[in-house]
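Presented below is the structure to which this report refers.
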Amino acid sequence: METAPKPGRGVPPKRDKPQAKRKKPRRYWEEETTPAAVAASPGPPRKKARTGESRPPRSKSAHIAQKSRFSKKPPISKTAPDWKKPQRTLSGAQDPFPGPVPAPLEEARKFCRIDKSKTLPHSKPKTQSKLEKAEAQEEEASVRAARAELLLAEEPGFLVGEDGEDTAKILQTDIVEAVDIASAAKHFDLNLRQFGPYRLNYSRTGRHLALGGRRGHVAALDWVTKKLMCEINVMEAVRDIHFLHSEALLAVAQNRWLYIYDNQGIELHCIRRCDRVTRLEFLPFHFLLATTSETGFLTYLDVSVGKIVTALNVRAGRLSVMAQNPYNAVIHLGHSNGTVSLWSPAVKEPLAKILCHRGGVRAVAVDSTGTYMATSGLDHQLKIFDLRGTFQPLSSRTLPQGAGHLAFSQRGLLVAGMGDVVNIWAGQGKASPPSLEQPYLTHRLSGHVHGLQFCPFEDVLGVGHSGGFTSMLVPGAAEPNFDGLENNPYRSRKQRQEWEVKALLEKVPAELICLNPRALAEVDVVTLEQKKKERIERLGYDPDAKAAFQPKAKQKGRSSTASLVKRKKKVMDQEHRDKVRQSLEQQQQQKKKQDMAMPPGARPSALDRFVRRAREGGLQVDP
């Protein structure tokens, strides 16, 4: 049975009435359109019907404008930058804090290295623009460094006693029980009485440790994982040991000569020009190995080319006390007459001499900022000196027995080894000197101390003594964050090789070592003015008093480079001839005045020429 179709179903729509378009719903991130705009455009734009009219010809400028839309260079906008415009989020709200995060002013000042108070007098516009550009780059770099410091997650810790408890009475066993398992594993003892006493050295990354026993035992290991890299016996007394620019090379000061080994214990070099070496120091940014000897010589060896840079005769007897300033790479030597001398390979005489003690100097140490120096002597005095130009003692303390070894940590802690006791003093922070009133930590060892060093980037103190080696936990000693591009403890072999190439390309010449490294970037205005004055006196006129001649441009090829140079030279020669002519005329006039000043009856003498030359030289001669 057929049924009639319902109205509205199966019936084709009529063409004369346009079909109503469904309204598109508005999303929450879209702006609401005004009713006028909706009424103006009820639907999509319709295509115009083609007519017989011809299209207007396409202009060349329109074609160029269409091509410029795909240009790689974005068009320059004269409006405000995007970060200054109010930013809309997905919810439609505006960002209340547009733009980049402002950097703290104090942090930015800490990273700034340019002193804007000093200006260069009589600077040319080109030089002034270069200086302004360098200052802008330096300011931007300091702001970026200050902003990036906010991302450093680690913070330095410290040891604080409960209810006024003295931290010097806290034992290492108590610290090990309080810390986590990974930190507790960093405290250990090596019983090596058979080959002691021991000297030690940590690598710059703080990952590897080198040990050298007085009876010939040499070992290198990854002290974090306790993995031994090499272990040999050189069958000779070992006086000092030091890593070079990386953990792959090791310098050992043996009884007679200086030897270089690799991390497998293979002997690479025997440097016989460095004999009877007592102490070693390595300058990482200059690739220099500094050695002191029993004969009183301070020798600098360039390990990148294998040549002796200089050998300085200190003339102070046996040298057994040496330390380096990490800030300016100056070597500090302690002498038996109580003085500390500062040396640079560019100067054959000491840069400065400081009278520190009434007896011989036993130990010297300089902090990482190069601001403070600690010394100990035979008079049982421990002193802190200010190295910022004054070289005056800031504080001193009398110890029960003189400290034979001193060392600074990365955050300014000072450790002193006195017999079999190790005392550690702390200050207010990294930039402040340590307070010598009350020790921060104290520890007693199983033998007399023969070497001290804080491990970089770890709260660990390594102590070499007659009974072996001891690794102590010292909270707050090291920097918690490291630079992955400079000293990365977790770098691979490939990364180390790439870093070595970069460091060799950026090697600093040995001639630039001085007390104030910031003076290298400054202009010596006094010397510049003196040279200018001497030049004027030598030439008889000021060549910079008048602006240089600039020839005008001419037509028909007469402004070529050769013609411009010829015209400049012609004008310069003419000016020079005029100035020489004027100077000759002045000399003739002076000679006439001198002849007229002579008495009429006086005869010329053969000795008059000496008087004339003396007057020309500026000397006053009595008649």
Side-chain angles (χ1 to χ4, degrees), residues 156-159 166-172 175 186-187 189 197-202 206 209 223 279 281 321-326 332 334 361-369 371-377 380-385 394-430 432-467 469-479:
F158 222 75
L159 192 62
D166 188 7
T167 56
K169 297 180 180 180
I170 300 177
L171 304 178
Q172 285 290 309
I175 298 176
K186 297 175 183 177
H187 171 70
D189 289 309
Y198 275 84
R199 296 282 299 175
L200 74 147
N201 181 246
Y202 285 101
L209 171 67
W223 70 273
R279 288 292 179 264
E281 283 290 343
V321 179
M322 179 172 64
Q324 72 156 313
N325 190 339
H332 295 231
V361 179
R362 296 186 61 188
V364 177
V366 185
D367 71 331
S368 59
T369 61
T371 307
Y372 306 107
M373 178 183 68
T375 62
S376 65
H380 293 192
Q381 290 284 329
L382 175 62
K383 296 183 179 181
I384 306 294
F385 287 85
L394 300 176
S395 60
S396 63
R397 179 185 176 88
T398 302
L399 303 176
Q401 48 183 332
H405 301 273
L406 298 173
F408 274 99
S409 73
Q410 289 181 324
R411 294 195 59 81
L413 271 67
L414 175 64
V415 59
M418 302 168 291
D420 59 346
V421 178
V422 172
N423 282 356
I424 302 173
W425 290 274
Q428 300 296 328
K430 183 177 179 181
S432 62
S435 176
L436 301 180
E437 296 180 358
Q438 185 70 20
Y440 172 58
L441 280 177
T442 302
H443 184 66
R444 186 176 293 275
L445 303 165
S446 60
H448 286 269
V449 178
H450 283 267
L452 290 171
Q453 188 182 358
F454 283 96
C455 181
F457 310 110
E458 293 286 351
D459 291 341
V460 171
L461 171 65
V463 184
H465 49 85
S466 57
F469 172 78
T470 300
S471 178
M472 296 174 50
L473 296 181
V474 183
E479 288 288 345

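Within the 4.5 Å cutoff, no side-chain heavy atoms of Leu209 are placed close to those of Cys455. Contact check for Leu461 versus Val422: side-chain heavy atoms found under the 4.5 Å cut-off. A heavy-atom distance below 4.5 Å is not found between the side chains of His443 and Ile424. No side-chain heavy atom of His332 sits less than 4.5 Å from a side-chain heavy atom of Glu281. Counting only heavy atoms from C-beta outward, the side chains of Asp420 and Arg444 approach each other to under 4.5 Å. The shortest side-chain heavy-atom distance between Ile384 and Leu414 falls under the 4.5 Å cut-off. Residues Trp425 and Pro433 form no side-chain contact, since every pair of their non-hydrogen atoms from C-beta on lies 4.5 Å or further apart. At least one side-chain heavy atom of Leu473 sits under 4.5 Å from a side-chain heavy atom of Val460.
Asp367 contributes a side-chain N or O that, together with a main-chain N or O of Tyr372, makes up a donor-acceptor pair within less than 3.5 Å. Looking at Gln410, its side chain does come within 3.5 Å of a backbone N or O of Phe457 through a donor-acceptor pair.
Residue His448 holds its NE2 atom at 11.0 Å from NE2 of His405, rounded to the nearest 0.5 Å. The structure places OG of Ser471 at 9.0 Å from NZ of Lys186, a figure rounded to the nearest 0.5 Å. Once rounded to the nearest 0.5 Å, the distance linking CE of Met472 with CG of Leu452 reads 9.0 Å. Note that the OG1 atom of Thr371 and the CG atom of Leu394 stand 10.5 Å from one another [nearest 0.5 Å]. A distance of 12.5 Å separates OG1 in Thr470 from OH in Tyr198, rounded to the nearest 0.5 Å. Distance check: Leu441 CG to Lys169 NZ gives 14.0 Å after rounding to the nearest 0.5 Å.
Residues Phe454 and Ala407 share a closest heavy-atom pair of CE1-O, 3.8 Å. Smallest separation of non-hydrogen atoms from Leu436 and Ser395: CD1-OG, 3.8 Å. Of all the heavy atoms in Lys383 and Ser396, the pair that sits closest is CG-CB, 3.7 Å. The two residues Gln438 and Asp166 come nearest to each other via the heavy atoms NE2-OD2, 3.0 Å. Arg362 and Gly402 get closest at one heavy-atom pair: NH1-O, 3.1 Å. Heavy atoms only, all atoms of each residue included: Ala416 and Leu406 are closest at CB-CD2, 3.5 Å.
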Practice item. Decide side-chain contact (heavy atoms from CB on, under 4.5 Å) for Arg279 and Arg199; before the verdict, give the C-alpha distance in whole Å, the side-chain angles of both, and the deciding distance to 0.1 Å. Key: CA-CA 10 Å; Arg279 288 292 179 264; Arg199 296 282 299 175; 3.8 Å; yes
**Study point:** Intermediate values then yes/no, side-chain contact (heavy atoms from CB on, under 4.5 Å), Met373 and Asn325
**Key:** CA-CA 9 Å; Met373 178 183 68; Asn325 190 339; over 6 Å; no
Practice item. Take Val321 and Thr375, measure what side-chain contact (heavy atoms from CB on, under 4.5 Å) needs, and give me the verdict at the end. Key: CA-CA 10 Å; Val321 179; Thr375 62; over 6 Å; no
Exercise for review: Walk me through it: do Val415 and Val463 pass the test side-chain contact (heavy atoms from CB on, under 4.5 Å)?
Suggested key: CA-CA 10 Å; Val415 59; Val463 184; over 6 Å; no
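Ring geometry for Trp223 against Tyr202 counts as perpendicular: the plane angle is over 60°, on a 0 to 90° scale with 30° as the lower cut.
In summary, of the residues considered (Ile170, Val474, Asn423), a side-chain contact (heavy atoms from CB on, under 4.5 Å) with Tyr440 occurs for Val474 alone.
For the residue pair Ser376 / Gln381, no side-chain donor-acceptor distance below 3.5 Å is found, with atom types taken as modelled.
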